[in-house]
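One structure below.
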Number of protein chains: 2
Amino acid sequence: MRGSRTTTRISVAAPTLADVAESAGVSRQTVSNAVNNPDLLRPDTLVRVQEAIAELGYVPNRAARNLRTRASHLVGLRLSPVLEGNATAVGDRFVHSLVWTSREAGYHVLLFSGEGPAAIDGYEDLLRSTAVDAFVVTDTYLGNPQATWLRERRAPFVAFGRPWDDPDARHPWVDVDGAAGTEMATRHLLDKGHTRVAWIGWRKDSFIGEDRRSGWSRALRERGLSTTGMASRVEDTVSSGREASAVLLDEARPSAFVCASDTLAMGVLHTLAERGLQPGRDIAVAGFDDSQVAQVVHPGLTSVRQPLEEVAVAVVRSLEDLLATPSYVGEGLLLTPSLTVRPSTG
Amino acid sequence: MRGSRTTTRISVAAPTLADVAESAGVSRQTVSNAVNNPDLLRPDTLVRVQEAIAELGYVPNRAARNLRTRASHLVGLRLSPVLEGNATAVGDRFVHSLVWTSREAGYHVLLFSGEGPAAIDGYEDLLRSTAVDAFVVTDTYLGNPQATWLRERRAPFVAFGRPWDDPDARHPWVDVDGAAGTEMATRHLLDKGHTRVAWIGWRKDSFIGEDRRSGWSRALRERGLSTTGMASRVEDTVSSGREASAVLLDEARPSAFVCASDTLAMGVLHTLAERGLQPGRDIAVAGFDDSQVAQVVHPGLTSVRQPLEEVAVAVVRSLEDLLATPSYVGEGLLLTPSLTVRPSTG
DNA sequence: TCCGAGCTCTTGAACGATCCAAGCGGAGTG
DNA sequence: CACTCCGCTTGGATCGTTCAAGAGCTCGGA
């Protein structure tokens with residue numbers, strides 16, 4: 001078949017369905033069925049075809065399959081620009097988990113980039129050109145134009161992150177209960193005997209930041225402790241954390257800090273180092289994200305760990321439902337983080 | 001055209017080349033040329049077609065294009081499993097850079113996973129199914145079966161990392177001169193007045209580790225200083241770095257450490273903290289990779305920074321050459337890192 | 001014996017783009 | 001004026017797969 005077409009060509013072109021069909025003495029469709037619906041074949045035929053496939057080393061051509069089935073088995077993931085100086089390796093840990101999980105579901109992850117309007121273009125292009133079947137959206141911060149755009153466009157996507165700005169949003173999402181995480185961290189400190197536990201979080205316009213803060217205040221009030229004057233809201237940088245902790249130490253005299261991120265917690269460690277205070281012994285510190293920094297810093301930073309592997313599994317599951325059922329009504333799933341305890345909390 | 005086929009269908013199916021052609025009153029080929037070879041069209045025709053494209057919101061279907069042209073404009077990148085507890089965010093920084101750079105070249109990055117033999121299967125599958133045009137290989141450590149396999153298979157790929165085990169390898173690669181980096185770090189310390197500079201590196205079977213070590217020893221010998229007893233070779237973990245530095249401090253009495261990685265450098269910081277020594281003031285420490293950890297740790301870790309953006313650019317350029325010229329003979333490119341100086345070296 | 005059901009396999013067409021070679025018109029030339 | 005040539009345009013074929021429909025066979029029941 002292939003040989004008759006190109007008689008002089010020596011180099012082996014990739015075998016096609018037709019080649020396998022001829023080799024096995026069956027039709028193309030039968031080979032296709034052997035690959036995609038083995039149940040339809042008589043056992044002996046199936047074996048024959050499979051042998052031919054193995055012998056020729058046949059692998060279906062994705063482009064052709066994608067064209068016919070209108071599916072690429074790719075999910076698009078936009079990589080947000082790196083934020084240097086930030087301790088958030090969360091994104092990357094998630095990417096790893098997502099890649100691993102989607103492989104088992106027969107999907108691959110396609111990365112793309114773009115900021116602002118260019119990001120929308122990226123989504124648009126990949127979607128229109130049928131390059132991907134769906135998207136995974138990771139940063140659903142307030143008024144994120146991406147999520148809004150995707151929603152309006154009825155583009156299939158699953159979000160890692162709640163639709164904070166729109167509780168009626170009907171798309172599937174998976175998120176981690178940040179409040180529960182900070183609550184665990186705070187309780188852990190209270191159980192250790194601390195009564196003055198300070199909070200360093202993000203600016204008020206961050207839904208995620210306020211959510212995490214609520215876990216801290218809930219834990220304190222639960223024990224009848226006041227939160228007044230014990231909180232600070234700053235940018236998510238090391239120096240902000242350093243300055244905020246210095247001020248809090250002077251004014252509120254806390255014996256422990258709970259932070260909205262490991263980055264901020266590192267800022268606290270800076271302040272302690274500058275004042276000759278020892279983390280864990282003199283002042284307790286807890287962070288959020290369990291980043292690499294938390295793991296390798298001295299003396300080891302207690303941190304809230306997001307179950308990113310579970311998140312990835314849930315995201316992929318939603319993705320499968322979404323693609324199997326076009327009318328799929330999204331639902332949300334909230335996972336609970338865990339606390340990784342290290343010496344920084346004594 | 002499209003309407004005549006599906007008269008009752010209201011929902012707008014994606015417009016095809018034929019739809020645009022009809023709308024603009026030209027043939028399919030003319031539309032195709034308008035997209036791919038605008039020069040071939042008479043200016044007024046071009047405008048007319050482009051207007052029709054814009055009006056219908058036409059975007060070429062990738063699957064169809066891929067099928068015809070036998071190219072996917074995707075490059076595969078295998079994500080190696082995360083190593084928790086390691087400070088190497090290098091991989092992730094590189095991924096970001098690669099995604100950004102390849103976008104400008106019209107390529108997207110396809111992630112996949114798999115360890116050991118499964119990794120080979122991943123390559124095999126993506127290659128045979130024409131899912132990707134080429135690969136980017138990142139870990140070309142000693143006897144890496146992937147690189148060998150790809151080479152034998154004549155699969156198009158560009159490596160980030162030298163072919164250590166085979167100097168005759170004729171594939172394109174880009175790497176960073178680790179020895180130059182450690183040499184810079186060591187010189188920086190010597191210039192600061194240190195005369196006893198210790199080395200903590202990886203085990204001897206690591207080419208990369210030995211390369212980095214050579215930069216350190218070269219810098220010392222250049223100044224007539226002896227390296228005897230000043231080096232330790234261990235696993236790339238924080239605790240190994242801690243133990244090695246403790247031993248070296250006792251036996252060799254160095255005033256500075258140069259490490260093969262930030263992970264090991266963090267181990268040194270642990271030892272210093274345990275002994276009440278202050279990094280930068282009492283003992284100088286330099287790491288390698290300029291990871292997030294180096295940036296956020298107290299007091300800031302001097303570290304060798306790989307020019308990953310440049311690496312990505314070079315990799316993509318090689319990729320383009322490779323794909324444009326099937327017989328492309330690979331060449332290697334060695335880039336020089338820079339030194340990010342922070343308080344840990346005084 | 002005949003018919004229909006059920007199973008297995010085959011056939012022709014379609015997916016949407018690009019490549020190919022021929023067609024067509026207009027400008028340039030003898 | 002006829003002819004050639006150049007450049008844009010055209011229809012048809014093609015990439016490799018899956019879909020939809022149908023053909024051949026066996027088997028059981030009337």
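Bear in mind that the values here come from a model prediction, so they are computed numbers and not experimental data. Just so it is clear: chains get the letters A, B, ... in the order the sequence lines come, proteins before strands, and each one is counted from 1. Heavy atoms only: backbone and side chains are in, while hydrogens, waters and symmetry mates are out.
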Return the value, rounded to whole Å, for the distance between atom [atom1] of [X] and atom [atom2] of [N].
| X | N | atom1 | atom2 | result |
| --- | --- | --- | --- | --- |
| B:Gln29 | D:dG7 | CD | C1' | 14 Å |
| B:Arg62 | D:dT17 | CZ | C1' | 20 Å |
| A:Asn37 | C:dC7 | CG | C1' | 15 Å |
| A:Asp44 | C:dC7 | CG | P | 17 Å |
| A:Asp39 | C:dC9 | CG | C1' | 16 Å |
| A:Arg48 | C:dT10 | CZ | C1' | 13 Å |
| A:Asn66 | D:dT18 | CG | C1' | 12 Å |
| A:Leu41 | C:dT10 | CG | C1' | 12 Å |

Looking only at the side chain of [X] (C-beta and beyond, no hydrogens), which of the listed nucleotides [options] gets closest?
| X | options | result |
| --- | --- | --- |
| B:Tyr58 | D:dT9, C:dT10, C:dA17 | C:dA17 |
| B:Thr45 | D:dG16, D:dT9, D:dA20 | D:dT9 |
| B:Arg42 | D:dT17, D:dT9, C:dC15 | D:dT9 |

If you assign B:Val26 and B:Leu67 each to the DNA chain D nucleotide with the nearest heavy atom, which residue ends up on the more 5' nucleotide?
B:Val26
Base, sugar-phosphate, or nothing for B:Arg28, non-hydrogen atoms under 4.0 angstrom?
base
Report which part of the nucleic acid B:Thr69 touches: base, sugar-phosphate, or nothing (heavy-atom distance under 4.0 Å, all strands).
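Sugar-phosphate, backbone atoms only, no base.
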B:Tyr328/B:Arg170 under side chain to side chain contact (heavy atoms under 4.5 Å, CB included): CA gap, chis, key distance, verdict
CA-CA 9 Å; B:Tyr328 182 66; B:Arg170 279 281 164 271; over 6 Å; no
Donor on one side chain, acceptor on other, B:Asp133 and B:Ser72, under 3.5 Å:
yes
Presence of [X] side-chain N/O under 4.0 Å of [N] phosphate oxygens OP1/OP2:
| X | N | result |
| --- | --- | --- |
| B:Ser32 | C:dT18 | yes |
| B:Arg68 | D:dT14 | no |
| A:Asn36 | D:dT18 | yes |
| B:Arg65 | C:dT18 | yes |
| B:Ser27 | D:dT10 | yes |

Can you label the angle between the A:Phe112 ring and the A:Tyr123 ring as parallel, tilted or perpendicular, going by 30° and 60°?
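Aromatic pair A:Phe112/A:Tyr123 classed perpendicular.
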Residues A:Arg62 and B:Asp125 bridged, charged N to O under 4.0 Å:
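Counted as a salt bridge, because a side-chain N and a carboxylate O are separated by less than 4.0 Å.
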Which residue in the set B:Val31, B:Asn33, B:Val26 passes side-chain contact (heavy atoms from CB on, under 4.5 Å) when paired with B:Gln29?
B:Asn33
